[in-house]
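Everything below concerns the one structure shown next.
Each ligand, and each atom within it, is numbered from 1 in the order the structure gives.
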Amino acid sequence: MSDLIRQNWTTEEANALFALPFNDLMFKAQTIHRQFFDPNQVQISTLCSIKTGACPEDCKYCPQSARYDTGLEREKLMKVEKVIDEAKAAKASGATRFCMGAAWRSPKKKDMAYVTAMVAGVKSLGLETCMTLGMLDQGQAQELSDAGLDYYNHNLDTSPEFYGDIITTRTYQDRLDTLSNVRHSGMKVCSGGIVGMGEGENDRAGLLLQLANMPQHPESVPVNMLVKVEGTPLADQADLDPFDFLRTVAVARIMMPASHVRLSAGREEMNEQMQAMAFMAGANSIFYGEKLLTTPNPEANKDMQLFKRLGIKREAYEVSEDDKTQAETLMTAVTEARNDQFFYNAAK
Ligand code: SAM
Ligand code: DTB
Ligand code: SF4
């Protein structure tokens with residue numbers, strides 16, 4: 001394994017990377033990027049909110065928390081059939097991964113049958129699957145892994161030091177425990193954070209240190225720029241200097257050289273030059289499609305035009321025949337085991 005991939009980063013090293021002159025940092029990030037990836041390929045994932053709003057947690061950035069009046073219309077868990085239709089549309093527009101998100105603290109026992117049916121259904125279309133459902137215990141992580149879920153997204157969001165300013169209803173350790181359960185279940189880990197919440201550069205370094213010093217780096221690292229939503233406590237947060245966002249992407253690339261770094265929420269507020277610079281800094285994944293979970297994202301054809309202008313190709317994904325057969329078998333088992341009422345009617 002390359003000696004560039006390591007888990008013993010120090011605070012001083014992370015701070016020193018952030019302190020590099022911008023051009024030196026960009027050059028270093030791009031140089032490392034080219035040793036691990038084709039610099040002209042970007043992976044694309046489409047998000048789908050399978051359960052929207054009314055979340056009991058108090059994450060200060062989030063439009064879906066029941067504690068803030070953001071005018072968001074709450075929706076119950078989506079029907080399995082509808083989720084599969086959305087996944088078909090995402091596939092037709094060119095996405096290779098379908099990421100399903102629920103505004104839950106953690107899934108309830110009764111939810112598991114529905115979400116595992118969604119995994120099997122989406123996977124049998126030949127898409128990679130990802131879910132973000134809140135905290136998981138070891139049993140729930142195993143159930144999702146056994147259903148064929150490829151990735152689980154659970155963000156650390158920020159540094160341990162700044163975390164308490166943003167969320168009080170679950171601890172940093174709770175998040176680390178979920179990530180450890182996901183890793184042990186055999187699923188791939190997707191974990192990153194949000195910048196622009198009023199944190200300092202040391203907090204951005206602190207977040208990346210946590211991620212890069214895990215026993216194994218997350219395969220996927222989303223770097224979100226805060227989407228300021230009216231009604232949330234962070235609605236009036238001052239803008240982050242765009243160069244500080246780009247520095248965070250570059251340092252993520254350097255500290256986790258083989259991980260996909262995702263240019264995530266916040267692209268709607270970025271111009272195309274800034275997005276191009278993020279790809280130069282080592283970002284090689286985006287959320288694709290008009291909507292994130294509840295807020296707008298650039299239109300799909302605008303992204304395709306940008307890719308064309310930059311000579312960027314979508315990263316291909318081929319589902320293995322074994323995986324496809326397993327998903328189809330699971331789908332048959334799920335549909336046979338449950339009557340149509342269960343499968344096709346809206347879940348409670
Ligand atoms: N409820 C689950 C949880 O929090 O684990 C899953 C969904 S939650 C919306 C997933 C992630 O979206 C959060 O961890 C956060 O990093 C990101 N997010 C939510 N609201 C955001 C916002 N306004 N701007 C940027 N990122 C946001
Ligand atoms: C992640 O890191 N960002 C995505 C995904 N994981 C689930 C979510 C972004 C949400 C932005 C606010 C919204 O649309 O509700
Ligand atoms: Fe709930 Fe997730 Fe939003 Fe936090 S980020 S309020 S847990 S939906």
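For the side chain to side chain contact (heavy atoms under 4.5 Å, CB included) with F27, the lone residue among T31, N23, L25 that qualifies is T31. Screening V182, D150, L149 for a side chain to side chain contact (heavy atoms under 4.5 Å, CB included) with L144, the sole residue that qualifies is L149.
Q30 and R34 are linked by a side-chain donor-acceptor pair at a separation below 3.5 angstrom, with hydrogens and angles left out of the test. Side-chain polar atoms of R314 and Y288 form no donor-acceptor pair below 3.5 angstrom. Y61 and D157 are linked by a side-chain donor-acceptor pair at a separation below 3.5 angstrom, with hydrogens and angles left out of the test. Judged purely by distance below 3.5 Å, without hydrogens or angles, the side chains of T171 and D174 pair a donor atom with an acceptor atom.
Close approach of ligand 1 to W104 is summarised as follows: ligand atoms under 4.0 Å from at least one heavy atom of the residue are 1 (N), 2 (C). Counting atoms of ligand 3 from 1 in the listed order, those under 4.0 Å from a heavy atom of Y61 are 5 (S). Residue-ligand proximity, L293 to ligand 1, at heavy-atom distances under 4.0 Å covers atoms 9 (C). Atoms of ligand 1 lying under 4.0 Å from any heavy atom of H154, numbered from 1 in the order shown and given with element: 5 (O). Every atom of ligand 1 is numbered from 1 in the order shown, and the set under 4.0 Å from a heavy atom of D157 is 14 (O), 15 (C), 16 (O). Distances below 4.0 Å separate heavy atoms of A102 from the following atoms of ligand 1: 1 (N), 2 (C), 6 (C), 7 (C).
Among all heavy-atom pairs drawn from Y152 and G134, the shortest one is OH-O, 2.6 Å. Minimum interatomic distance between N155 and P222 (heavy atoms only, all atoms of both residues): OD1-CG, 3.5 Å.
Residue V227 has at least one nitrogen or oxygen atom sitting less than 3.5 Å from a nitrogen or oxygen atom of ligand 1, judged on distance alone. Ligand 1 has no nitrogen or oxygen under 3.5 angstrom from a nitrogen or oxygen of R175.
Residue, atom and distance of the protein heavy atom nearest to atom 18 (N) of ligand 1 are Y61 CE1, 3.8 Å. Nearest protein heavy-atom contact of atom 12 (O) of ligand 1 is N155 ND2, 4.5 Å. Among all non-hydrogen protein atoms, the one lying nearest atom 27 (C) of ligand 1 is I194 CD1, 3.7 Å.
Taking 4.0 Å as the cut-off, G101 does not count as a neighbour of ligand 1 on heavy-atom distance.
Salt-bridge formation is not detected for the pair D111/K51: no Lys NZ or Arg NE/NH1/NH2 atom is positioned less than 4.0 Å from an Asp or Glu carboxylate oxygen. One finds no salt bridge joining D38 and K313 here, because no Lys/Arg side-chain nitrogen approaches an Asp/Glu carboxylate oxygen to under 4.0 Å.
Within a 6.0 Å sphere centred on CE of M274, heavy atoms belonging to other residues, nucleotides or ligands number more than 12. Other residues, nucleotides and ligands contribute over 12 non-hydrogen atoms within 6.0 Å of the CD atom of E290. Atom CG of D69 is surrounded by 12 or fewer heavy atoms from other residues, nucleotides or ligands within 6.0 Å. Heavy atoms of other residues, nucleotides or ligands lying less than 6.0 angstrom from CZ of R6 number more than 12.
At a distance under 4.0 Å, no protein heavy atom can be found next to atom 8 (S) of ligand 1. Using a 4.0 Å threshold on non-hydrogen atoms, atom 5 (S) of ligand 3 counts as touching the protein.
Of the candidates T132, N224, L292, V195, it is T132 that places a heavy atom closest to atom 10 (C) of ligand 1. The residue from Q64, E57, R170, K51 that puts a heavy atom closest to atom 4 (O) of ligand 1 is R170.
The closest side-chain heavy-atom distance from I254 to W9 is below 4.5 Å. Proximity of R247 to L20: side-chain heavy atoms (C-beta onward) are nowhere separated by under 4.5 Å. At a threshold of 4.5 Å between non-hydrogen side-chain atoms, the residues D244 and V195 do not count as touching.
Using a 4.0 Å cut-off between heavy atoms, R170 contacts ligand 3 through its side chain alone, with no backbone atom that close.
The number of protein N/O/S atoms found under 2.8 Å from atom 1 (Fe) of ligand 3 is 1.
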List, for ligand 2, each N/O atom that has a protein N/O partner under 3.5 Å away, with both atom names and the distance.
| from | atom 1 | to | atom 2 | distance (Å) |
| --- | --- | --- | --- | --- |
| ligand 2 | 2 (O) | N155 | ND2 | 2.8 |
| ligand 2 | 2 (O) | N224 | ND2 | 2.8 |
| ligand 2 | 3 (N) | N224 | OD1 | 3.0 |
| ligand 2 | 6 (N) | N153 | OD1 | 3.3 |
| ligand 2 | 14 (O) | L293 | N | 3.1 |
| ligand 2 | 14 (O) | T294 | N | 2.8 |
| ligand 2 | 14 (O) | T295 | N | 2.9 |
| ligand 2 | 14 (O) | T295 | OG1 | 2.8 |
| ligand 2 | 15 (O) | T294 | N | 3.2 |
| ligand 2 | 15 (O) | T294 | OG1 | 2.6 |

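Within the model, atoms CG of L310 and CD of E272 stand 8.0 Å from one another, a figure rounded to the nearest 0.5 Å.
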